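First the proteins, then the strands, lettered A, B, ... as listed; each starts at 1. Everything quoted here is computed from the prediction, not taken from an experiment.
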2 protein chains.
Amino acid sequence: MLRAMAVKMADIAADLHVSVVTVSKVLRNKGRISESTRQRVLQRCRELHYQPNLIARSLATRRTHTLGLLLPDFTHPFFAQIAKSIAQTARARGYHVLISYFDEDPAIEISEAQTLLARCVDGLILASAQSHGRSEFFRMLARRRTPFVLIDRHVPGVRASFVGVDHVEIGRMATTHLLEQGCRHIAHLRGPDLGIADDRLRGYRLAIEAYELRAIPDYVVDAGFQTQTGYDAMRAFLNPRIKLDGVFCYNDPIAVGAIKALRESGHRVPQDVAVVGAGNVNYADALEVPLTSIDQSPDEIGHEAAKLLLDQVESESSRRRNRTVVVPHRLIVRASTQRSSLRRGDLRPGRKLGTALRRTGVRVGRPPG
Amino acid sequence: MLRAMAVKMADIAADLHVSVVTVSKVLRNKGRISESTRQRVLQRCRELHYQPNLIARSLATRRTHTLGLLLPDFTHPFFAQIAKSIAQTARARGYHVLISYFDEDPAIEISEAQTLLARCVDGLILASAQSHGRSEFFRMLARRRTPFVLIDRHVPGVRASFVGVDHVEIGRMATTHLLEQGCRHIAHLRGPDLGIADDRLRGYRLAIEAYELRAIPDYVVDAGFQTQTGYDAMRAFLNPRIKLDGVFCYNDPIAVGAIKALRESGHRVPQDVAVVGAGNVNYADALEVPLTSIDQSPDEIGHEAAKLLLDQVESESSRRRNRTVVVPHRLIVRASTQRSSLRRGDLRPGRKLGTALRRTGVRVGRPPG
DNA sequence: CTGAAAGCGCTAACAC
DNA sequence: GTGTTAGCGCTTTCAG
């Protein structure tokens with residue numbers, strides 16, 4: 001299709017019998033320009049609805065004012081929120097964000113990163129699915145000298161800034177919360193990602209050991225990362241002979257599936273089994289059983305990552321101090337774990353609070369370690 | 001910060017004692033090139049990890065292979081899904097998507113559209129918040145000759161392709177469903193957007209009139225577009241003296257809020273009041289009361305919009321037949337309206353199905369019109 | 001088959 | 001204050 005010729009600087013310049021440079025200077029407020037020509041130029045630009053061609057400008061300045069953002073899936077509320085926060089921070093500083101996704105496929109991640117670089121993004125933000133940082137991919141990134149920062153998922157061995165929560169602490173906090181609610185037989189429906197899921201598992205173990213209990217390997221089961229896989233995993237785990245009074249789920253979708261499975265097989269949540277998720281996904285408090293979860297501050301992650309990256313992009317010196325920003329996580333307690341001062345024997349469909357007592361051996365408050 | 005010089009065609013050309021043009025031709029599979037030089041070029045490109053500079057290419061070809069996407073909020077699951085579907089379709093054809101948002105602010109929408117155009121996107125997809133198509137904004141778009149398609153929200157008077165559901169039909173389908181469930185006092189919690197919300201309201205009225213009932217203006221109340229505003233609107237509406245047995249909500253978040261308000265004031269959902277939403281947002285079936293909703297086919301919207309736009313972008317001729325694609329909507333029945341063959345008097349906490357009867361005057365099946 | 005010349009629309013550096 | 005010259009890295013056209 002024949003596109004219309006957009007008006008360009010040369011048109012303005014010709015109309016006004018000035019040079020292109022003069023127009024350019026006016027538009028960028030650079031150099032010395034008399035007020036009169038300045039006004040004439042501005043006027044004509046308005047009349048002709050002139051819009052500078054940013055592609056041409058980018059080629060000349062070697063700056064696109066574009067950040068690349070590479071995510072597993074920007075449909076996921078957690079990442080969507082991060083993306084928005086990045087876009088917001090970037091917009092305030094005159095940048096746009098080119099978002100791409102790779103559906104957890106490391107190969108697609110690499111090829112997308114490459115085209116993002118080919119498009120000359122000024123910097124890159126990456127929630128990577130690469131398993132290690134010594135790969136050709138990260139060497140390529142380093143060679144390119146385009147600044148980049150990793151978010152959410154730390155990749156071992158990568159020399160770059162990182163912004164995200166402490167996943168070990170999330171595992172510990174979630175599990176400790178269950179312990180504080182009196183749970184003593186806590187399963188963990190773990191996720192698939194090597195790094196994060198391992199960290200959360202570690203936190204789970206640390207919390208249990210801090211209570212001088214034993215973490216039983218059988219109580220850790222793989223649960224994918226979706227409601228359906230969480231449901232399946234929970235069903236497969238349930239067994240009349242197995243004791244269970246708490247479940248720490250890798251994420252909220254899994255937790256939703258787990259709760260469904262539990263209720264279907266006659267367990268009451270939270271009275272029989274308390275369930276905690278992670279991610280604090282939208283609608284978590286409109287669920288059938290409002291879900292206790294751990295918020296991972298997506299806004300802060302996005303904001304901090306964008307700020308860090310933009311500072312690197314805009315700094316003239318090549319000081320590239322890699323920084324690690326750990327954003328806060330916090331427990332959001334909802335109904336799925338609310339049984340604080342109840343012992344199992346005391347629980348009836350109706351509330352019977354006053355009668356609850358803590359048995360010896362159950363430590364209250366912060367556990368040691 | 002001093003960025004490293006990336007390797008460019010001139011480097012390859014110099015190394016191989018050929019011209020830049022030759023390299024360019026090899027890389028684009030154009031023109032006649034001997035197999036030997038072809039291989040030498042490819043080889044050297046690989047060795048030097050050459051990546052073509054797409055900015056430079058864009059300047060020369062006047063094609064960026066970038067689509068602009070302007071949404072009210074890409075964090076909203078409906079739009080997020082559309083965005084993903086667009087990105088997917090675009091990627092398959094070698095395009096990226098530059099996504100931007102405007103938080104329902106028409107002024108931001110305009111300025112963002114302008115920078116997207118300044119960045120020379122090849123086409124634009126727009127879920128617009130503009131109220132009419134005869135504005136300077138759309139004249140500007142037309143002047144630019146950059147093809148664009150409107151999605152989800154039709155803007156009256158705009159000459160462009162449109163892809164979306166039929167909002168009148170959605171209102172009619174939702175309301176008819178409530179009527180078929182036996183509801184006779186149906187409120188509508190309406191949304192704020194001029195166009196869409198009005199269309200749905202129209203559908204609501206049509207459905208009611210098709211049952212030879214009267215649509216009472218008081219039963220239509222403004223409910224914003226969020227859970228909280230839906231909750232507030234429902235609370236404000238509830239009144240012991242007002243008869244109510246069904247609510248059609250503009251969207252799912254409002255419906256979630258409405259259900260909460262209803263239950264808090266002692267109404268059972270769906271036994272006393274049936275509730276239907278629209279949008280079929282994620283997690284709708286994990287909610288406290290699984291929500292009946294109308295799915296709006298975000299994937300089809302995204303896919304069709306991208307396809308339409310790319311066809312326009314890539315067509316050499318200037319045939320710009322504007323097309324309107326109405327994607328299907330469908331009712332997803334869940335618990336919030338499941339009381340098909342019950343009359344109000346028959347309802348008890350436990351099910352008492354067999355006894356239900358339809359009264360005269362209640363037509364079964366498709367209403368006339 | 002290959003390459004020289006010109007240009008995409010803008011900016012940077014330096015004259016005048 | 002303003003203009004000239006020389007690119008940015010690529011593609012296009014056309015001559016050889």
Between [atom2] on [N] and [atom1] on [X], what's the gap in Å once rounded to a whole number?
{"X": "Ile55(B)", "N": "dG9(D)", "atom1": "CD1", "atom2": "C1'", "result": "11 Å"}
{"X": "Arg63(B)", "N": "dT12(D)", "atom1": "CZ", "atom2": "C1'", "result": "15 Å"}
{"X": "Asn53(A)", "N": "dC8(D)", "atom1": "CG", "atom2": "P", "result": "18 Å"}
{"X": "Leu54(B)", "N": "dC10(D)", "atom1": "CG", "atom2": "C1'", "result": "10 Å"}
{"X": "Gln39(B)", "N": "dC1(C)", "atom1": "CD", "atom2": "P", "result": "14 Å"}
{"X": "Arg119(A)", "N": "dG9(D)", "atom1": "CZ", "atom2": "P", "result": "18 Å"}
{"X": "Asn29(B)", "N": "dT11(D)", "atom1": "CG", "atom2": "P", "result": "12 Å"}
{"X": "Arg38(B)", "N": "dG3(C)", "atom1": "CZ", "atom2": "C1'", "result": "18 Å"}

Please tell me which of the listed nucleotides, [options], lies nearest to the side chain of [X]?
{"X": "Ala60(A)", "options": "dA5(C), dG7(D), dG7(C)", "result": "dG7(D)"}
{"X": "Arg32(A)", "options": "dC10(D), dG9(C), dG1(D)", "result": "dG1(D)"}
{"X": "Arg62(A)", "options": "dG3(D), dC8(D), dA4(C)", "result": "dC8(D)"}
{"X": "Thr61(A)", "options": "dT11(C), dC8(D), dT11(D)", "result": "dT11(C)"}
{"X": "Leu59(B)", "options": "dC10(D), dG9(C), dG3(D)", "result": "dG9(C)"}
{"X": "Lys30(A)", "options": "dT12(D), dA12(C), dC10(D)", "result": "dA12(C)"}

OP1, OP2 of [N] versus side-chain N and O of [X]: anything below 4.0 Å?
{"X": "Thr37(A)", "N": "dT2(D)", "answer": "yes"}
{"X": "Tyr50(A)", "N": "dC10(C)", "answer": "yes"}
{"X": "Ser24(B)", "N": "dT11(D)", "answer": "yes"}
{"X": "Ser34(A)", "N": "dG1(D)", "answer": "no"}
{"X": "Arg28(B)", "N": "dT12(D)", "answer": "yes"}

Please tell me if the side chains of [X] and [Y] come closer than 4.5 Å, counting only heavy atoms from C-beta onward.
{"X": "Met9(A)", "Y": "Leu27(A)", "result": "yes"}
{"X": "Thr75(A)", "Y": "Pro77(B)", "result": "no"}
{"X": "Leu124(B)", "Y": "Leu141(B)", "result": "yes"}

Inset, instruction - To the nearest 0.5 Å, tell me how far Arg153(B) CZ sits from Leu71(B) CG. - result: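 One gets 9.0 Å once the value is rounded to the nearest 0.5 Å.
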Legend entry - Pairwise 5' ranking along DNA chain C for Lys25(B) and Gln51(A), keeping only the more 5' one: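 Nearest-nucleotide comparison on DNA chain C picks Lys25(B).
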Inset, instruction - Assign Arg57(B) to base, sugar-phosphate, or nothing according to its heavy-atom contacts below 4.0 angstrom with the strands shown. - result: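 Arg57(B): backbone/sugar contact only, no base atoms under 4.0 Å.
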Legend entry - Centroid separation Phe74(B) to Phe79(B) less than 6.0 Å: no
Inset, instruction - Give a yes or no on this: more than 12 heavy atoms of other residues, nucleotides or ligands lie within 6.0 Å of atom CZ of Arg32(A). - result: no
